[in-house]
Amino acid sequence: MRIINVAGARPNFMKIAPLMEAYRRCKEIEPILVHTGQHYDEKMSALFFRELEIPEPDINLGVGSGSHAVQTAEIMRGFEKVVLDFKPDAVLVVGDVNSTIACGLVAVKLGVRLVHVEAGLRSRDRSMPEEINRVLTDSISDLLFCTESAGQENLLGEGVPAERIFLVGNVMIDTLLRHRRKAEASAILAELELAAGRYAVLTLHRPSNVDDPQVLCGLLEAVDVVQRDMPIVFPVHPRTRANLARMGLQGRVEAMRNLRLIDPAGYLDFLKLTSCARLVLTDSGGIQEETTILKVPCITLRESTERPATASVGSNHIAGTQPERILAAYRAAMAEDPATYQVPPLWDGRAAERIADILAQKLPELTARN
Ligand code: UD1
C-alpha cells in the first residue's frame, strides 16, 4: 500500500512524525512524504523536521503564504501532479489546516482513498477557517481516526458509518511523550533566566484574536495583569509580530516589563517551556492537549474548543477574549490542584502504531472494493 502523507504547517509536523516512524515497522506500507510549504520559515518548519527526526520530504510543493483561496488553490495544483505521478493507494492528511483540505480534495477527485487523522473535532464556530477545513475533510474521508470520544460522536451524528471511524488516541501526544526526556535537556529556562514553576507561557496567532485591534488590546489588558504576578514568555508567531507593529502596539507590549517576547520556539525548547510553566495562556488547539498531558493549567483565549476532553477532564479553561473572564479563569486555575487533572483514554504514546496497523488491515479491503 503506497500512502502519500501530507504535512504543511507547523502543527502538522508533530502529528506526521510518529506516523513516519510507525510505518518503518509495518512492511505492508510504503510511505511518501509531501510538504506543501504552507509554513516555510526555518523556525516554523525545518527546525521541527530536524528535532523530530522526520525524514526529508520526498516532495516540497513550496507554496508559501497567500490568501486562503490562493494558498488552497496553489496546494491543489501542485499536489494533483504528485498524486498523478506517484499513483498512491491512499492519501493521509492530519489536522485542520489549509493543506489538509486542499490535498484531501485533490485525492478524492482523483478517486484515491482519503485518510484523516484527528477527525471529528468540532468547535461549532464556522467563523474559524479550521472548522470549515475539519467539516469538509471529514465529509470526504474514507477512514477517520479520532483523538477523543467527542470526535467519534460528532462523526456518527453527521452520518459517517461507524465502521470507518476509529478512536486511536492522539499522535501529537505520541510525539510529546517520545521527546519529553530530550526536552528536559533544553537550556531555554537558563537562557531566559526563568525558574521552573514560576512563570507563564503565552501564544497568540488566531486571526480572530490578532487581526482585530480591539480584541488584541483586550487580550493585552489581561496579559498586563498576569505579568505583574509572574514573568510571561511570549514566542511570537510571524502574523502576530507583524500585526503588533502594524497596529502600533509595540510600545504597549514593551511597557510590560515582565512580558518577554521571543522568536517562535523550536519543539524541544517549547516543550521545556510549557512543561515547567505555572500556567499557559493560548489560542492554539494543540497546546490545549499538550498542557492536558503535562498537567499544567491552560487558559484558552477562545470562546469554544473543538477538544472538549481537555476541559472536561484535563487542565483547560475556556476563557474567551474578554479581560475580566480571562482573569477570572486565571484565578480559578491558580487555585486548582494539578493532581485532580486527568488524561483522556488512549493518550498513551501509541496512537501512530494503532493507525499504521489499522491502515495495513483496512486499506487493502477498501481498495479492493474500487
Ligand atoms: C496556520 C493554520 C492554523 C494553525 C497555524 C499554526 C490554516 C487555515 N491555519 O495558520 O490552523 O494553528 O498555522 O501556526 O491553515 N508566515 C511566515 N512564515 C511562515 C508561515 C507563515 O512568515 O513560515 C506568516 C505569513 O505572513 C502568513 C501568515 O504568517 O501570511 C499566516 O500563515 P498561514 O499559513 O496563512 O496561517 P497561520 O496563521 O500560520
Side-chain angles (χ1 to χ4, degrees), residues 8-14 38-48 51 64-66 97-98 128-130 183 186-194 199-288 290-291 296 298-302 319 321 323 326 330:
R10 184 172 59 180
N12 290 164
F13 306 140
M14 39 292 229
Q38 177 175 344
H39 283 174
Y40 44 87
D41 281 356
E42 156 69 22
K43 288 186 170 151
M44 300 290 285
S45 176
L47 179 55
F48 287 78
E51 287 189 339
S65 301
V97 302
N98 286 344
M128 278 178 84
E130 294 82 2
S186 153
I188 187 87
L189 294 198
E191 279 165 26
L192 296 173
E193 296 176 353
L194 294 167
Y199 65 90
V201 174
L202 168 69
T203 80
L204 285 175
H205 76 284
R206 207 152 285 288
S208 57
N209 279 347
V210 303
D211 289 358
D212 178 340
Q214 228 181 325
V215 178
L216 187 52
C217 284
L219 293 170
L220 292 178
E221 208 179 302
V223 167
D224 198 353
V225 175
V226 177
Q227 63 95 34
R228 287 163 208 253
D229 294 345
M230 63 180 109
I232 302 181
V233 190
F234 181 18
V236 192
H237 185 283
R239 170 197 286 279
T240 311
R241 192 175 282 281
N243 284 356
L244 287 170
R246 185 170 57 81
M247 295 173 189
L249 289 170
Q250 267 161 333
R252 171 98 177 82
V253 165
E254 278 158 22
M256 296 187 223
R257 303 194 49 193
N258 242 349
L259 178 65
R260 313 270 290 275
L261 273 65
I262 61 172
D263 279 345
Y267 186 80
L268 297 173
D269 282 347
F270 192 73
L271 179 51
K272 172 83 175 189
L273 276 175
T274 47
S275 52
C276 295
R278 177 69 185 88
L279 177 81
V280 172
L281 301 123
T282 188
D283 61 6
S284 151
I287 295 171
Q288 297 171 46
E290 291 169 339
T291 46
V296 171
C298 178
I299 309 293
T300 294
L301 306 170
R302 288 170 43 189
T321 56
I326 297 169
Y330 164 57

Next on the checklist: Determine whether Thr282 and Thr291 satisfy the following criterion, side chain to side chain contact (heavy atoms under 4.5 Å, CB included), listing intermediate values before the conclusion.
Outcome noted: CA-CA 10 Å; Thr282 188; Thr291 46; over 6 Å; no
Next on the checklist: Just to verify, what does Glu193 make a side chain to side chain contact (heavy atoms under 4.5 Å, CB included) with, not counting sequence neighbours?
Outcome noted: none
Next on the checklist: side chain to side chain contact (heavy atoms under 4.5 Å, CB included), that's the test. Do Val296 and Leu279 meet it? Break it down for me.
Outcome noted: CA-CA 6 Å; Val296 171; Leu279 177 81; 5.7 Å; no
Checklist outcome for this item: Rounded to the nearest 0.5 angstrom, the CG-CG distance for Leu219 and Leu281 is 9.5 Å
Next on the checklist: Can you pull out every salt bridge (charged side-chain N to carboxylate O under 4.0 Å, His left out) where at least one residue sits in residues 212-221? Sequence neighbours excluded, please.
Outcome noted: none
Checklist outcome for this item: Residue pairs passing the side-chain hydrogen bond (donor to acceptor under 3.5 Å, both in side chains) test with at least one member in residues 266-280, sequence neighbours excluded, are Ser186-Asp269
Checklist entry - Would Leu259 and Val253 satisfy side chain to side chain contact (heavy atoms under 4.5 Å, CB included), going step by step from the backbone distance to the final call? => result CA-CA 7 Å; Leu259 178 65; Val253 165; 3.9 Å; yes
Next on the checklist: Working note: Val97 + Asn12, criterion side chain to side chain contact (heavy atoms under 4.5 Å, CB included); need CA distance, chi angles, decisive distance, verdict.
Outcome noted: CA-CA 8 Å; Val97 302; Asn12 290 164; 3.4 Å; yes
Checklist entry - So, does Glu51 use its side chain to make a donor-acceptor pair with the main chain of Phe48 at under 3.5 Å? => result no
Item to check | Any residue meeting ring-ring contact (aromatic ring centres under 6.0 Å, His included) with Phe13, in chain and number order, not counting sequence neighbours | outcome: His35, Phe49
Checklist entry - When you measure from the side chain of Arg260 to the backbone N and O of Pro231, does any donor-acceptor pair fall under 3.5 Å? => result no
Checklist entry - Which residues satisfy the side chain to side chain donor-acceptor pair (under 3.5 Å) test with Arg206, sequence neighbours excluded? => result Glu130
Next on the checklist: Ala222: which residues meet the side chain to side chain contact (heavy atoms under 4.5 Å, CB included) condition with it, sequence neighbours left out?
Outcome noted: Pro323, Ile326, Leu327
Item to check | Test side chain to side chain donor-acceptor pair (under 3.5 Å) applied to Thr300 - qualifying residues, sequence neighbours left out | outcome: Asn316
Checklist entry - ring pair (Phe, Tyr, Trp, His ring centres under 6.0 Å): which pairs involve residues 218-257, sequence neighbours left out? => result His205-His237
Checklist entry - To the nearest 0.5 Å, how far apart are CG in Asp283 and CD in Gln288? => result 9.0 Å
Next on the checklist: So, using side chain to side chain donor-acceptor pair (under 3.5 Å) as the criterion, who are the partners of Asn258 when residues are at least two apart?
Outcome noted: none
Checklist outcome for this item: side chain to side chain donor-acceptor pair (under 3.5 Å) filter on Arg302, not counting sequence neighbours, yields Glu306
Checklist outcome for this item: The complete set of ring pair (Phe, Tyr, Trp, His ring centres under 6.0 Å) pairs with one or both residues in residues 240-266, sequence neighbours excluded, reads none
Distance-only criterion, 3.5 Å: show the donor-acceptor pairs between side-chain atoms of residues 240-251 and protein atoms not counting sequence neighbours.
residue: Thr240; atom: OG1; partner: Leu204; partner atom: O; Å: 2.6
residue: Asn243; atom: OD1; partner: Arg246; partner atom: NH2; Å: 3.1
residue: Asn243; atom: ND2; partner: Val210; partner atom: O; Å: 2.6
residue: Asn243; atom: ND2; partner: Asp211; partner atom: OD1; Å: 2.7

Checklist entry - Taking the side chain from Tyr199 and the backbone from Leu273, do they hold a donor-acceptor pair closer than 3.5 Å? => result yes
